[in-house]
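Right, one structure below, let's go through it.
All chains are named by letter (A, B, ...) in the order of the sequence lines, taking the proteins before the strands, and each is independently numbered beginning at 1. Just so it is clear, the structure is predicted and the values come from calculations on it, not from any experiment.
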2 protein chains.
Amino acid sequence: MLYSKSAEYGIQAMIYLTEYRSDEPTMVSTISDAYDIPHQYLAKIVQTLVKHRLLKAKRGRNGGIFLGRNPKDIYLHEIVYAIDGPPPENEKCAIGLDLCSDETPCPLHHTWKPIKGAIREMLSSENLLELAKRVTEKRRIMNKK
Amino acid sequence: MLYSKSAEYGIQAMIYLTEYRSDEPTMVSTISDAYDIPHQYLAKIVQTLVKHRLLKAKRGRNGGIFLGRNPKDIYLHEIVYAIDGPPPENEKCAIGLDLCSDETPCPLHHTWKPIKGAIREMLSSENLLELAKRVTEKRRIMNKK
DNA sequence: ATTAAACAAGACTAATATATCTTATATTAT
DNA sequence: ATAATATAAGATATATTAGTCTTGTTTAAT
């Protein structure tokens, strides 16, 4: 809906790294096991994130990956864009008609535009640190039951 | 984003039928030409819509398709569900974590839930007649330029 | 009756996203 | 030095979506 499955895996991996942050590198296999993601597939995604400097990798024995920078400065849309690519220049209208704009709106324009704005806002305001905190909290609640 | 390309084509076709409603049937090729949709591909989609009674078809020479009922009583989500299938029982959370609910929310839950609601609301409140009117109005504006 | 022209339907092809397999390369423990 | 073990990278495989091709069936004009 919001992004590809690959981007979803990427987000999960980065949340994991934030939640269990450490000076030691974390192996990709540790994350793929934790979230039940195919190992080699996640490895590919991780490579992309490393190229975009969102992750750092340490190769060789006892190697693994780290966050590329402080998680409170990493926003969701960066991860999504790195993996899925940036959104298209001229975004299509919701119904696929040509030339949708405020002046010549497509039939869904007035309803869809604010929703699209809310999505953009969500992806560009949520940072990894906050997300990871909420995951920790969620686990706490679930364990209590 | 909201639905598959097939569903998008289906919506376009039904808007066309609403805008140019007539007692005579409209050929699938007329619509595929108008919206630049691959003819045979649209034909397949139309078959699905006929099976779901959203369209009626008249076979044979001088045949074509009609709306299955009054366009003001046809809502977007019906078209989408007919083509893409109904949404999954237990909708996944935005980040793909297990068990996302109000009690054990995923990290995006609070932001994403109202957006999802707005999308659902949009698809279930917009009817074909309104949409077609707006397309007509849009064309009027565009021609004036 | 015959034929032309429309939708119906199934098999096939192409493109893309997802996933796996194999080999290379880097790094550390021994 | 060597072996073990991690990421890097490229080729291959599978699943899904999008699109095409061919044939069947229905209907009306002739």
Side-chain angles (χ1 to χ4, degrees), chain A residues 1-14 16-17 22-33 35-68 80 82-85 88 92 96, chain B residues 1-14 16-17 22-33 35-68 80 82-85 88 92 96:
Chain A
M1 182 83 199
L2 292 169
Y3 30 69
S4 69
K5 192 139 198 165
S6 297
E8 186 177 300
Y9 289 158
I11 292 168
Q12 291 179 345
M14 296 201 66
Y16 185 100
L17 288 169
S22 148
D23 290 338
E24 298 303 304
T26 304
M27 286 191 296
V28 172
S29 59
T30 303
I31 302 174
S32 64
D33 285 354
Y35 282 109
D36 208 34
I37 303 171
H39 173 219
Q40 304 276 24
Y41 192 57
L42 181 58
K44 279 282 162 62
I45 294 162
V46 160
Q47 286 176 33
T48 304
L49 293 173
V50 168
K51 281 175 189 149
H52 283 79
R53 314 282 168 85
L54 292 170
L55 293 178
K56 282 178 202 149
K58 187 186 175 197
R59 294 176 69 165
R61 192 167 182 166
N62 294 341
I65 55 176
F66 312 85
L67 289 177
V80 175
I83 295 170
D84 290 343
K92 287 191 346 170
Chain B
M1 182 82 202
L2 292 169
Y3 30 70
S4 70
K5 191 132 199 168
S6 296
E8 186 178 300
Y9 289 157
I11 293 169
Q12 292 179 345
M14 296 202 65
Y16 185 99
L17 287 170
S22 146
D23 290 337
E24 298 303 304
T26 304
M27 288 190 295
V28 173
S29 59
T30 302
I31 303 174
S32 64
D33 286 354
Y35 282 109
D36 208 33
I37 303 170
H39 174 218
Q40 303 275 26
Y41 192 54
L42 181 58
K44 278 284 164 61
I45 294 161
V46 160
Q47 285 176 34
T48 304
L49 293 173
V50 168
K51 280 173 190 151
H52 283 79
R53 312 283 168 86
L54 292 170
L55 293 178
K56 282 178 204 148
K58 186 187 175 196
R59 294 176 71 165
R61 192 168 184 165
N62 295 342
I65 55 176
F66 312 85
L67 290 177
V80 175
I83 296 170
D84 291 342
K92 286 191 346 168

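Between the P atom of D/dG19 and the CD1 atom of B/I83 lies a distance of 13 Å, rounded to the nearest Å. D/dA18 atom P lies 13 Å from atom OH of B/Y3, rounded to whole Å. Here the P atom of nucleotide D/dT20 and the CG atom of B/L42 are 12 Å apart, to the nearest Å. C/dA11 atom P lies 10 Å from atom NZ of B/K44, rounded to whole Å. Protein atom NE2 of A/H39 is 12 Å distant from nucleotide atom C1' of D/dA8, rounded to whole Å. Between B/E24 atom CD and C/dA6 atom C1' the separation is 14 Å, expressed in whole Å. Regarding A/R61, its CZ atom lies at a distance of 14 Å from the P atom of D/dT7, rounded to whole Å. If you measure from atom CG of B/N62 to atom C1' of D/dT30, you get 12 Å, rounded to the nearest angstrom.
In this structure, A/Q40 and A/K58 both approach DNA chain C, and ranking their closest nucleotides by distance from the 5' end singles out A/Q40.
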Table of protein N/O atoms under 3.5 Å from nucleotides 13-17 of chain D N/O atoms:
none

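Proximity of a side-chain donor or acceptor of A/E8 to a complementary backbone N or O of A/Y3 within less than 3.5 Å is not detected. Using modelled atom types, one side-chain atom of A/D84 and one backbone atom of A/S4 make a donor-acceptor pair closer than 3.5 Å.
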Checklist entry - Would A/L67 and A/L54 count as a side chain to side chain contact (heavy atoms under 4.5 Å, CB included) if you check the C-alpha gap in whole Å, the side-chain angles of each, and the deciding distance to 0.1 Å? => result CA-CA 6 Å; A/L67 289 177; A/L54 292 170; over 6 Å; no
Next on the checklist: Applying side chain to side chain donor-acceptor pair (under 3.5 Å) to A/S32 and A/Y9, what does each step give before you reach the verdict?
Outcome noted: CA-CA 9 Å; A/S32 64; A/Y9 289 158; over 6 Å; no
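Ranking C/dC7, D/dT7, C/dA9 by closeness to the B/V28 side chain, first place goes to C/dC7. With distances taken from any side-chain atom of B/P38 to the nucleotides C/dG10, D/dG19, D/dA28, the minimum falls on D/dG19.
Atom-to-atom distance recorded for A/K58:NZ and A/M27:CE is 12.5 Å, nearest 0.5 angstrom. The OH atom of B/Y16 sits 9.0 Å away from the CG atom of B/D33 when rounded to the nearest 0.5 Å. A/H39 NE2 to A/K44 NZ: the interatomic distance, rounded to the nearest 0.5 Å, is 11.5 Å.
Annotation: side chain of B/M14 is in contact with side chain of B/L49 (closest heavy-atom distance under 4.5 Å).
For DNA chain C, the residues of residues 45-54 of chain B within the heavy-atom distance limit of 4.0 Å (strictly under) are B/Q47, B/K51, sorted by number.
Note on A/G60: a base of the nucleic acid sits closer than 4.0 angstrom, heavy atoms only. Heavy atoms of A/A57 sit under 4.0 angstrom from primed sugar atoms or phosphate atoms, though from no base atom.
Looking at B/R59, its side chain comes within 3.5 Å of the base of D/dT25 through a donor and an acceptor atom.
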